Amino acid sequence: MVKSKGYDFEEAELRIIQLWQDKKIFKFDSSDTTKEIFSFDTPPPTVSGVLHMGHAFGDAQQDFIARYKRMQGFNVLNPFGTDDNGLPTLKLVEKEKGIKAKNMTRKKFIEICLKAIKEEYVPQFLTDAKRLGTSSDWDLFYSTIDARSRRISQKSFIDLYKAGREYRTKAPSLWCTECQTTIAQVELEDETKKTTFNDITFKIDDQDLTISTTRPELLPACVCIFVNPNDSRYKGLVGKQITVPLFNFQVPVLTDEKADPEKGSGVVMCCTFGDQTDMEWQKEHKLEIKEAIAPDGKMTKLAGKYEGMKIVEARKQIIEDLKKANLLTKQEEITHDVNVHERCQTPIEFINSTQWFVKYLDIKDDLIKWGEEIKWHPNHMKYRYINWVKGLKWDWCISRQIPFGIPFPVWYCKECDESIMADEKDLPVDPMEDSPPVSKCPKCGCKEFIPETDIMNTWTTSSLTPDITKDILKGTPVYDKIKDKPFSIRRNGHDIITFWDFNSIVKSRLHHNRNPWDELMINGWILGKDGKKMAKSRGNGLSPQETIKNHGADALRYLCAAAKLGDDIAFPEAELVKGKKLITKLWNASKFVFMNLEDYDGGKPKKLEKIDEEFLKHLENAVELVSYHFERYNYSHAKEITERFFFKEFADNYIEIVKKRIYNGAGNEKISAQYVLRESLFTILKLFAPITPFITEEIYQTYFKKSEKKESIHITSWPEYKEGSPKSQAFIEFCSLLTNVRQEKTNKQISMNSEIILTLPSEAIKSIEGMKEDFKAVTAAKEIKEGNFKVEFA
RNA sequence: GAACCCGUAGUCUAAUGGUAGAACACCUCGUUUACACCGAGGAUACCCAAGUUCGAUUCUUGGCGGGUUCACCA
């Protein structure tokens, strides 16, 4: 039963998690308490297997602040959710279950997804998050697919529709032919691919005209040819008809400034749609739309004999045929970046289809202004947001053509296509299962309706987490206090500023005309040991589960505190060792303190010995500094100051100074040391508590609990300090003199406790006035004489 | 092409308009009734250039190098 003298982190951490849970230490107080609220809007991790190192990194950094705020006396609202709808979840279920959504009914597939989420994915995520020591109120849990989220998300859709902020239209949109759905601008990734730049001969008035393209398979979708209006070479061609090779139809030659005379032959073909520019041209010049590529990535009948071929296949075949017909004059190997879908690496296409959009291009300036009203930590992350908003080219396409997710609460009139929104009281609805709220179309009277089969993109819902969290608290006394207020803060990684933060600001502004939060805390990324993004393909991934098992959650959290907020960091493995060393030292120092407190009744000494008083002063200064940095979410610096103070000032100096008095002293001088040892240790533990909550809790439970009222160190109050509390010069001078003596002993190669006769200059003797006995004790000086500095054997 | 971040010992980092502080690694010594997962000490560092300044690692500008994001990608 008796454990070895050391601290068994695994046993202790699991026991402490249980304790926190049993005593509901992190419960948000939803009564009508007057305690000031500090609220977090926490990123619901995408359920994609298990909690990964990136989650742990960000969650830990948020938890440092959550715990600090709680000890500061705030009523901390710290919910936890999981993001488990839409494409990511669909892909995970397909992979894990070995099934394909398209091979079964939608109903069946959804059933399988919901079951897996509820029984496997979410419980696993919760277990992992708890194991890290995250101080969330687990009763404030939401899933972005649960009924509440579905209701809120659908209501949001209906409200924005009524506000004229949403429209449904047929328009070219970013499309993944693999996933067969529209995707958003943010879901794109660049990939460098090899391809050929082909010089193709077009015929115009029996003349040959060379046009270069990387996408000859789009020839059937060619709608016109552009030359630059200032390009004298082609002036004569403008307005004429040109024949598209192989397909032999005619298109006009037009001019546009965007045609670059320097590129290729200076002549460009416009196809609907090869890229962004094609789309702009189509709009500006009111060109016809030709669809050569179908949603499944195969050529349409517009492509004639190439119909049914996949894009790449068709490209190859067309190039072959051009060669045969002597219409290909040159082929150049090039590498270029193409936009691919981040989830499947498929090059995206622009496909013309009917989609729902949230209109926001008209409020770009406001969005920038609103973003600037938020306090960003670190501040420079704001510019990523601004930069993103400035670059927006599309309204927000929110519809996705996949079976799993939150359905649009809408039906369409079979006759006139009028959108029939669900009744709010019926939400959440599934139009594919439920009936519309009206029996006939209010516009044309038709009695038949077609349900929307698309679902809403997952960010449409996760951008509503502030509303979802508040909804959980509906009906409690605290609700009125939070319902019309922004959250105090949201924390998330810098990679989702443009998804989650941006979309959340959009929604909050459009719905509530206020920002969703006052502040944003943006965490960086934890990279592999090689400094590269962790990826299965690189084999540089590390799992938090494994790390916690081998080193403990405290050690991992300690590691996470090594990076400043917002900074990316290569996994600093050495920090785990450093963290464990700290934990061991805390344990041993506490053991020492309480070993020597057995005859101490907890009372204050009549009078503090001078060095004890000075040390407390010194500590108060450290508390102020640490608090200063925590207040600014600068937990890494707070940790560093605490650590330095603990190792250098407390363990190496103060403990050594009072040791002899503790061992051999009696009466007030001993009680003074005992009092200060206990108080300062407690203070130091509190300063560490947000970073390493387990070891500090274990020490609290073992030694402090019986004389303190609180159930956990994490709900004790943060140590007090006076503003502008100075360092103790007396303590500093005392220690610097001590260092001189130690140095001399080291130079003389004698042990630290060998007795000496010490000669000190008069000003040095003056500086230790009132602390002379302690100085003699810590240096093992039998006597102190006045003169030039000298250390002699006794 | 644009925005932003970053260049400090062998490594990873901190602070700072005036002596640059830790940790790991390295060297020397000591083994003391909390701790050998120890203690005391030592050596080693501000990317380059110009400017502001009495003084710049710090502020400004330019360059070089690394990174992230956005854009372009006929």
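Sequence lines set the chain letters: A, B, ... in the order given, protein chains first and strands last, and positions in each chain run from 1. Being a predicted model, the structure only gives us computed values, none of them experimental.
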If you measure from the [atom1] atom in [N] to the same atom in [M], how many Å do you get, rounded?
N: B:C6; M: B:U16; atom1: P; result: 13 Å
N: B:U60; M: B:C37; atom1: C1'; result: 48 Å
N: B:U52; M: B:G39; atom1: C1'; result: 48 Å
N: B:U44; M: B:A22; atom1: C1'; result: 15 Å
N: B:A9; M: B:C46; atom1: P; result: 7 Å
N: B:U69; M: B:G10; atom1: C1'; result: 33 Å
N: B:U58; M: B:A49; atom1: P; result: 12 Å
N: B:C24; M: B:G67; atom1: C1'; result: 24 Å

With heavy atoms under 4.0 Å as the rule, sort [X] into base, sugar-phosphate or nothing.
X: A:K393; result: sugar-phosphate
X: A:T277; result: sugar-phosphate
X: A:S590; result: nothing
X: A:T584; result: base
X: A:A589; result: base
X: A:A780; result: nothing
X: A:F226; result: nothing

In terms of side-chain heavy atoms of [X], which of [options] is nearest?
X: A:E656; options: B:U28, B:C35, B:A3; value: B:C35
X: A:I655; options: B:A34, B:U69, B:C73; value: B:A34
X: A:F592; options: B:U33, B:A34, B:C72; value: B:A34
X: A:R384; options: B:U69, B:A34, B:G30; value: B:U69
X: A:N387; options: B:U33, B:A2, B:U28; value: B:A2
X: A:K263; options: B:A23, B:A34, B:C73; value: B:C73

Measure [atom1]/[X] against [atom2]/[N] and give the value in whole Å, please.
X: A:D530; N: B:G66; atom1: CG; atom2: C1'; result: 15 Å
X: A:I334; N: B:C72; atom1: CD1; atom2: P; result: 16 Å
X: A:Y383; N: B:C6; atom1: OH; atom2: P; result: 12 Å
X: A:N379; N: B:C6; atom1: CG; atom2: P; result: 12 Å
X: A:K727; N: B:G21; atom1: NZ; atom2: P; result: 13 Å
X: A:D275; N: B:A71; atom1: CG; atom2: P; result: 13 Å
X: A:I699; N: B:A34; atom1: CD1; atom2: P; result: 16 Å
X: A:D260; N: B:C73; atom1: CG; atom2: C1'; result: 12 Å

**Request:** Validate the cation-pi geometry between A:R644 and A:F647: distance from NZ or CZ to the six-membered ring centre under 6.0 Å, angle to the ring axis within 45°.
**Result:** no
**Message:** Going by side chain to side chain donor-acceptor pair (under 3.5 Å), name the residues that satisfy it together with A:E669, two or more places apart in sequence or in a different chain.
**Reply:** none
**Prompt:** Which dot-bracket string fits RNA chain B when only Watson-Crick or G-U wobble pairs with both atom distances under 3.5 Å count, crossing pairs get [ ], and | stands for a partner on a different strand?
**Reply:** (((((((..((.(....[..).)).(((((.......)))))....(((((..]....))))))))))))....
For residues [X] and [Y], is any side-chain donor paired with an opposing acceptor at under 3.5 Å?
X: A:H494; Y: A:N523; value: no
X: A:N634; Y: A:H377; value: no
X: A:Y558; Y: A:E643; value: yes
X: A:D501; Y: A:N492; value: yes
X: A:Q674; Y: A:D599; value: yes

**A:W388 aromatic ring stacked with six-membered ring of B:U69, 5.5 Å and 30°** =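 Stacking between A:W388 and B:U69: absent.
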**Asked** Would A:K659 and A:D774 pass as an ion pair if we require N to O under 4.0 Å?
**Response** no
**Item:** Audit row: A:F226, A:H285, ring pair (Phe, Tyr, Trp, His ring centres under 6.0 Å) steps and yes/no
**Value:** CA-CA 11 Å; A:F226 281 110; A:H285 298 267; 4.8 Å; yes
**Message:** Can you classify the ring geometry of A:Y385 versus A:F502 as parallel (below 30°), tilted (30 to 60°) or perpendicular (above 60°)?
**Reply:** tilted
**Asked** Are A:V268 and A:K263 close enough that some pair of their side-chain heavy atoms sits under 4.5 Å apart?
**Response**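 Not in contact.
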**Request:** Return the set of residues passing side chain to side chain contact (heavy atoms under 4.5 Å, CB included) with A:N664 (not counting sequence neighbours), or none when no residue passes.
**Result:** A:K660
**Complete:** Across all chains, not counting sequence neighbours, the side chain to side chain contact (heavy atoms under 4.5 Å, CB included) partners of A:D567 are A:K564
**Prompt:** Does the ring centre of A:F64 sit less than 6.0 Å away from the ring centre of A:Y635?
**Reply:**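 Yes, close enough.
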Polar-atom pairs under 3.5 Å, protein N or O versus N or O of nucleotides 39-45 of chain B: list them with distances, or write none.
residue, atom, partner, partner atom, Å
B:G39, OP1, A:K585, NZ, 3.2
B:A40, OP1, A:D652, OD2, 3.3
B:A40, O2', A:R742, O, 3.3
B:A40, O2', A:T746, OG1, 2.5

**Prompt:** Quick one: on RNA chain B, does A:I211 or A:N753 contact a more 5' nucleotide (nearest heavy atom)?
**Reply:**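 It is A:N753, whose closest nucleotide lies nearer the 5' terminus.
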**Position toward the 5' end of RNA chain B (nearest nucleotide), A:A259 or A:N596** =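 The residue closer to the strand's 5' end, by nearest nucleotide, is A:N596.
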**Message:** Less than 4.0 angstrom between a side-chain N/O of A:K532 and OP1 or OP2 of B:G67, yes or no?
**Reply:**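 Answer no for this pair, as no side-chain N or O of A:K532 is under 4.0 Å from OP1 or OP2.
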**Prompt:** With the sugar-phosphate defined as primed atoms, P, OP1 and OP2, and the base as all remaining atoms, what B/S/- string results for nucleotides 8-19 of chain B, 5' to 3', for protein heavy atoms under 4.0 Å?
**Reply:** ------SS----
**Asked** Applying the ring pair (Phe, Tyr, Trp, His ring centres under 6.0 Å) test to A:F594, which of A:F682, A:W587, A:Y703 qualifies?
**Response**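 Single ring pair (Phe, Tyr, Trp, His ring centres under 6.0 Å) partner of A:F594 among A:F682, A:W587, A:Y703: A:Y703.
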